Structure formats: C-alpha cells, structure tokens
Amino acid sequence: MNMMSTPAPNASAGSIDEQAHAAWAGACSSLAPESIMQAWLDWGSHLAASPGKRLELAQLALDQGGQLAAYLRECLLAGPGAARACIEPPEHDTRFAAPEWRQWPFNLLHQSFLLKERWWSEATHGVWGVERHHEDVVAFMVRQWLDVFSPGNQLGTNPLVLQRTAKEGGANLARGMTALAAKLGRMASHAPDPGTENFIVGRDVGITPGKVVLKNHLIELIQYTPGTASVYPEPILIVPAWIMKYYILDLSAHNSLIAYLVGQGHTVFCISWRNPGSADRELGMDDYLELGVAAALAAINTIVPRKRVHATGYCLGGSLLAIAAAAMARDGDDRLASLSLFAAQTDFSEPGELGLFIDEGQISMLEAQMAQTGYLTGAQMGGAFEMLRSYDLLWSRMVNDYLLATPTPMNDLMAWNADTTRMPARMHSQYLRRLFLNNDLSEGRYPVGGKPVALSDIVLPMFCVGTVADHVAPWRSVYKLHHETVAEITFVLTSGGHNAGIVSEPGHPHRHYQIETRPSGAPYVAPDAWALAAPRREGSWWPAWSAWLAARSGAPEAPPQAGAPALGYAVIGAAPGTYVLEK
C-alpha cells in the first residue's frame with residue numbers, strides 16, 4: 001500500500017501570518033485598517049438601523065442651513081464685522097482667531113466649516129448600539145478627514161496666506177516649496193531637522209553637573225553634584241519615561257527641573273535608559289523593574305545609607321514606579337519616603353485619544369512588526385502622536401512652514417522631541433496588553449515576582465501632577481489614582497500639555513495651576529468637582545512641589561560624596577553618560 005504523506009511546510013502557519021502582518025503594517029503606516037473598518041461597519045450599520053437618529057441629523061442639517069442663511073443676510077445688511085457668528089469655535093480652538101477670518105468671504109467659509117464639524121460630531125456620537133471604542137475611532141477619523149478640507153489649510157481659502165502671497169509676490173510660496181523639498185530629502189536620508197545641531201546633549205542640553213555611578217545593561221544612574229552647602233537627607237530618584245530620552249527633565253539651564261531641585265538643596269539621582277536594539281528584543285517589564293528601579297534604589301541606598309527615598313516618575317516611568325511602589329508595599333519594603341507621579345497613568349480604562357490606537361488588531365499588527373526588528377521605532381510612534389494633535393503638530397506647521405514660509409525656530413524641547421528612542425518588542429507588547437488593553441494594574445492583576453500587586457497597598461504620601469492639554473495621559477485619567485488608594489494625595493492640575501506642562505519653570509509666562517490635598521482616608525471627590533473647588537495659583541508648580549518635598553524631609557546636612565567606590569559604586573564618568581548619546 002502506497003502511503004502518501006503531506007510534506008511539512010518550511011515555516012509554520014503562524015510564522016507565515018506574522019511575516020504577512022508585518023508587511024501589511026509597513027504598508028499601512030503601522031495602523032491596522034481592519035480595526036478601522038470594523039469601527040466604520042459598526043457605526044454605519046447601526047446608523048442605517050436608526051431612523052430616529054437619521055431624522056435628527058436631517059433636521060440638524062436643515063437648522064444649520066437656516067442659521068448660515070441668516071448669517072449671510074446679516075453680513076450683507078450689517079457688514080461682516082457686525083454680524084453675529086452663527087457658531088463659535090470650541091474652547092482653546094485658535095484656528096480661526098485672526099481678525100482676517102471675519103472678513104468676506106472667509107467669514108462664511110470658516111462658519112460653514114465649523115457647522116460641518118458640529119454636524120459630523122453629532123453624526124458620529126450617540127448612535128444606538130455602537131461600541132464606545134468604535135464610536136471614538138469613527139469620530140477621530142472623521143476629524144482627520146475634515147482637517148484635510150479645512151479652509152485654514154488651503155492656499156486659496158486662508159486669508160493670512162493670501163495676504164502674505166500678495167505682499168511678497170509669491171516669494172513665500174517659493175521659499176515654502178524649497179523648504180518642503182528639503183524636508184522630504186531629510187526624511188529620505190533620515191537626516192535631522194536644521195537647528196538640532198544647536199542642542200547637543202552634554203553641551204547645550206542635559207548639562208547639569210553630575211556623575212554616572214551605576215551602569216548595567218539597561219540604565220545609567222546619574223548622581224548630580226550638590227548645588228548647596230547642605231542638602232536634605234532624603235535623596236530624590238527620578239524615573240523618566242524610556243519612550244524618549246531622560247533629559248526632558250534637564251533641558252537648558254533655565255528650564256531644567258533637575259537643576260532646579262539641586263539648587264533647592266536636594267540630592268538628585270536620575271535614570272538614563274539605554275536605547276535598545278534588535279538584540280534587546282526580549283527585555284520585558286520585569287527587566288525594567290529589576291535593572292531599572294530596583295537597581296537604582298539599591299545603588300542610592302548604598303551611596304546615601306539609612307535614608308528613605310523620594311521616588312519620582314514621569315509618564316511611562318511613573319507607571320513603572322507605581323508598580324514598583326505597590327510591590328514594595330506588598331512585601332513590607334519601606335525604603336520610600338514619598339511618591340511623586342507626573343502625567344502618569346495608573347488606571348488605563350479611559351486613556352484618552354491614545355486608546356484609539358489600542359485594540360487587539362492594532363496590538364497584533366505592532367507585535368508582528370516588532371517580531372521582525374525586535375523593537376518599535378520612534379518614527380512609528382510619532383505618526384500616532386501627530387494624528388492625535390493633527391492641528392498643532394501637522395497642519396499648523398504645514399501652513400507656517402510651506403505656505404506662510406515662517407517656520408518656528410528650533411528650540412530645546414523640539415530638539416529633544418526629535419531625539420527618538422526605540423521600544424523593545426517584549427516590553428512594549430507587555431505594556432500595551434497588561435496596562436492599556438487589560439488594565440491589569442488598576443484591577444489588581446499585574447504580577448511582580450509571580451504575585452499580583454495592588455495600588456491600594458501604597459500608603460505613602462503622594463504628589464500627582466496632571467496637565468490640562470494632555471493627549472497622552474489625560475488629567476482625568478491621571479486623577480483616577482484617587483480611587484485606587486486611600487493614601488494622602490496632593491493633586492496638581494497645571495496649564496500646558498504632556499511635556500510643556502511638566503517643563504514649567506518659575507518665570508515661564510502664562511503658567512498657572514490648581515492644587516489641593518486630599519488627606520489620607522478622606523472621601524472621594526470626582527475630578528470635575530475637584531477642578532471647580534481647587535484654588536488656582538499663578539506661575540510654576542515647581543516651588544509647590546519643592547516645598548512639599550521639604551516638608552517631608554529631615555533637617556539639611558552635609559551632602560553625600562559621589563558614588564560609593566568601596567562598596568561597588570565607583571564613579572564611571574561624567575553626566576550625561578553614554579546611553580543618552582546612543583542613536
């Protein structure tokens with residue numbers, strides 16, 4: 001009997017699919033079209049089955065048509081400047097703030113566009129039966145599509161561009177096209193933007209004096225040189241996000257949070273994360289805890305013995321630090337004196353617009369891509385952030401750079417933002433799945449050392465900062481810490497966004513913040529009620545935090561030496577170290 005057998009394939013079905021999805025991700029700019037299609041299908045099919053909603057939208061279109069017609073009549077009779085707008089832009093929307101937009105026919109163009117935006121907002125929200133995530137995705141995609149046709153983003157319908165073109169005889173457009181061609185050339189060759197050469201790490205930014213006192217496979221630990229004759233005995237450990245370079249907290253001399261702390265009499269340590277490559281694909285969240293937070297604390301406890309530590313985390317570093325603090329509380333480890341979290345989420349049930357890019361389809365696509373390279377690049381992440389803030393990061397820059405030909409000069413924060421890092425494949429997958437997709441930390445399922453941790457175990461005094469215009473960690477999401485622990489929480493809501501709200505040095509113009517302390521065990525106050533009641537203060541929140549730290553520290557004493565050579569922590573080199581320079 002002739003036994004026929006099917007030969008084993010050279011690659012498993014899973015491997016073939018992984019390669020196919022990685023190629024598909026590259027073609028789709030790392031955005032899963034299947035997830036977007038599911039959202040559109042959910043919305044479209046439910047809208048088709050909702051005659052009441054369709055009638056409501058038809059009536060709204062008729063009403064808006066009447067409003068626009070009445071506005072047009074008033075413009076013809078009283079003049080464009082005297083006519084009352086039929087629709088006002090949302091708060092903080094400055095797209096049509098220039099007085100030129102009140103002149104004919106640009107007033108009609110921008111009023112018509114705002115009415116169209118409102119109609120589509122109504123159309124994409126409140127449809128019976130649509131899943132909330134799908135509703136948010138459809139509304140977001142519609143906003144992106146509308147932005148393409150905004151009168152402010154077109155040469156022929158933007159009065160500021162037309163005035164500039166007439167005044168310069170088109171020279172601005174010629175300069176803009178030259179700048180665009182140069183930009184495309186830099187993108188093709190992966191060259192940096194002009195002006196970044198004026199912000200060299202260690203020379204122009206990241207310049208606070210200090211020494212590297214620990215170096216392992218993942219971090220360099222910097223101990224900063226004392227700035228005062230005596231210092232508070234409790235040192236500060238700063239855990240920055242590894243999604244970008246650490247020196248956002250040590251930018252130029254005038255806006256360095258680290259330099260400010262040193263000048264206030266604090267001993268400061270800061271982690272500088274390594275920029276991982278393909279060989280680091282298996283680095284996971286546990287490695288960031290062990291080689292990062294735990295290793296840094298062990299070094300600090302040796303260099304500054306018998307002193308508790310003020311632990312401070314920013315963004316992703318704050319989320320990691322909260323996990324570490326919960327594990328320490330679970331295990332009876334009392335080495336921390338306080339916990340400060342800046343723009344850091346601990347409950348990811350409502351992560352804001354960043355959640356638009358996080359579902360099973362999207363994460364699976366990213367995992368397939370990362371399996372090929374071992375990491376996720378900064379450029380892949382940057383595209384998502386540009387879409388979240390399409391006006392600020394994309395359209396306004398296109399208009400300024402290529403139509404008005406008045407590009408914004410490079411500054412330290414922009415140069416830092418261009419200094420991107422990579423994310424190890426395993427860590428990024430774990431972070432997205434455990435925190436964003438499953439919300440394991442908030443719900444008491446996140447494992448450390450094989451056992452889950454609970455934020456409710458943390459009883460340390462906490463200082464928590466949210467920023468008003470944060471698209472990465474919305475302040476109401478950051479505020480959720482209040483119902484995850486009964487510990488004392490001093491909460492600050494500051495003006496600015498995810499980066500600029502934290503880099504908010506004293507003397508910075510137009511800065512303000514609200515601050516309120518909830519005593520340990522006090523009743524929960526909802527975020528909007530908190531915002532109505534919390535007192536507003538002008539200026540930077542940095543002095544309030546420094547005073548908060550000082551109140552929880554001992555009497556100043558002589559500063560510690562750099563490192564502890566006899567105990568295994570010799571000075572390795574000068575700050576900013578070498579990891580921050582890796583590309």
Side-chain angles (χ1 to χ4, degrees), residues 199-228 231 234-253 256-263 266-277 279-280 283 287-305 307 309-314 316-317 320-321 324 335 412 415-416 419-422 424 558-583:
F199 298 95
I200 303 299
V201 181
R203 188 195 72 184
D204 309 291
V205 291
I207 57 174
T208 302
K211 302 295 183 182
V212 176
V213 294
L214 166 66
K215 183 174 185 176
N216 61 31
H217 184 72
L218 191 57
I219 73 166
E220 290 180 325
L221 182 66
I222 302 172
Q223 178 183 355
Y224 288 92
T225 304
T228 52
V231 298
E234 294 81 6
I236 297 173
L237 168 62
I238 296 178
V239 183
W242 57 88
I243 197 169
M244 294 293 288
K245 302 290 181 69
Y246 85 91
Y247 65 90
I248 185 174
L249 301 175
D250 186 27
L251 282 175
S252 305
S256 167
L257 175 58
I258 289 173
Y260 175 80
L261 290 171
V262 169
H266 296 284
T267 297
V268 180
F269 293 81
C270 183
I271 289 175
S272 174
W273 300 100
R274 184 181 185 183
N275 194 6
D280 301 307
L283 286 175
D287 296 301
Y288 277 76
L289 283 169
E290 290 299 320
L291 297 176
V293 178
L297 277 174
I300 294 171
N301 294 150
T302 302
I303 296 168
V304 190
K307 305 297 183 185
V309 177
H310 293 300
T312 303
Y314 173 42
L316 182 56
L320 183 76
L321 183 59
R335 288 178 292 163
D412 50 10
W416 165 85
D419 191 7
T420 58
T421 59
R422 296 175 290 273
Q561 68 173 1
L567 298 174
Y569 294 101
V571 171
I572 297 170
T578 58
Y579 279 172
V580 72
L581 305 178
E582 294 180 347
K583 299 299 183 183

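What you are looking at is a predicted structure, and each value in this text was computed from that prediction instead of being measured. Scope of the values below: all heavy atoms of this structure, side chains included, with no hydrogens, waters or symmetry mates.
- Of all non-hydrogen atoms in Ala296 and Leu237, the two that sit nearest each other are CB-CD1, 4.0 Å.
- Not counting sequence neighbours, the partners of Asn301 by the side-chain hydrogen bond (donor to acceptor under 3.5 Å, both in side chains) test are Arg335.
- Taking OG of Ser272 as the reference point, atom CG of Leu218 lies at 10.0 Å (rounded to 0.5 Å).
- Minimum interatomic distance between Phe269 and Pro235 (heavy atoms only, all atoms of both residues): CE1-CB, 3.9 Å.
- Under the side chain to side chain contact (heavy atoms under 4.5 Å, CB included) criterion, Ala564 pairs with Thr302, Ile303, Leu567, Tyr569, not counting sequence neighbours.
- Formation of a donor-acceptor pair under 3.5 Å by the Trp273 side chain with backbone atoms of Pro240 is found in this model.
- For the pair Asp250/Ile222, no side-chain contact is recorded, criterion being any heavy-atom separation below 4.5 Å from C-beta on.
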Could you walk me through whether Leu261 and Ile238 pass the side chain to side chain contact (heavy atoms under 4.5 Å, CB included) test, one step at a time? CA-CA 11 Å; Leu261 290 171; Ile238 296 178; 4.2 Å; yes

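- By the ring-ring contact (aromatic ring centres under 6.0 Å, His included) test, Tyr314 is found to be paired with His498, residues two or more places apart in sequence or in another chain being considered.
- The nearest pair of heavy atoms linking Tyr224 to Cys270 is CE1-CB, 3.8 Å.
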Go through it in stages, so that I can follow the logic: the residues are Ile271 and Leu221, the test is side chain to side chain contact (heavy atoms under 4.5 Å, CB included), and I'd like the CA-CA distance, side-chain angles, deciding distance and then a yes or no. CA-CA 5 Å; Ile271 289 175; Leu221 182 66; 4.2 Å; yes

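- With sequence neighbours excluded, the residues forming a side-chain hydrogen bond (donor to acceptor under 3.5 Å, both in side chains) with Thr578 are Lys215, Glu220, listed by chain and number.
- With sequence neighbours left out, Ala311 forms a side chain to side chain contact (heavy atoms under 4.5 Å, CB included) with Leu321, Leu336, Leu339.
- A search for salt bridge (Lys or Arg N to Asp or Glu O under 4.0 Å) contacts involving Asp419 returns Lys245, Lys583, not counting sequence neighbours.
- Closest of all the heavy-atom pairs between Ser256 and Ala259 is OG-N, 2.9 Å.
- Listed by first then second residue, pairs satisfying salt bridge (charged side-chain N to carboxylate O under 4.0 Å, His left out) with a partner in residues 562-572 number zero, not counting sequence neighbours.
- The side chain to side chain contact (heavy atoms under 4.5 Å, CB included) check on Pro576 picks up Val201, Tyr246, Val580, with sequence neighbours excluded.
- A salt bridge (charged side-chain N to carboxylate O under 4.0 Å, His left out) check over residues 559-568, counting only residues at least two apart or in different chains, returns nothing.
- In plain terms, the two heavy atoms of Val213 and Ala562 that are nearest each other are CG1-C, 4.4 Å.
- In this structure, OH on Tyr247 lies 10.0 Å from CG on Asp204, to the nearest 0.5 angstrom.
- Taking the side chain as every heavy atom from C-beta outward, His217 and Leu283 approach each other to under 4.5 Å.
- Distance alone, capped at 3.5 Å, is enough to place a donor-acceptor pair between the Arg422 side chain and the Pro276 backbone.
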Could you please spell out the steps behind the side chain to side chain contact (heavy atoms under 4.5 Å, CB included) verdict for Trp416 and Val205? CA-CA 9 Å; Trp416 165 85; Val205 291; over 6 Å; no

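- Without hydrogens or angle criteria, Asn216 side chain to Leu291 main chain gives a donor-acceptor distance under 3.5 Å.
- Between atom CD1 of residue Ile248 and atom CG of residue Asp412 there is a gap of 9.5 Å, rounded to the nearest 0.5 Å.
- Not counting sequence neighbours, Asn275 has no partner by the side-chain hydrogen bond (donor to acceptor under 3.5 Å, both in side chains) test.
- Considering all non-hydrogen atoms of both residues, Val212 and Gly577 come closest at CG2-CA, 3.7 Å.
- Not counting sequence neighbours, the partners of Pro560 by the side chain to side chain contact (heavy atoms under 4.5 Å, CB included) test are Gln223, Val231, Thr267, Val304.
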Step-by-step side chain to side chain contact (heavy atoms under 4.5 Å, CB included) determination, Leu320 to Val293: CA-CA 8 Å; Leu320 183 76; Val293 178; 3.8 Å; yes

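- Not counting sequence neighbours, Lys211 has no partner by the salt bridge (Lys or Arg N to Asp or Glu O under 4.0 Å) test.
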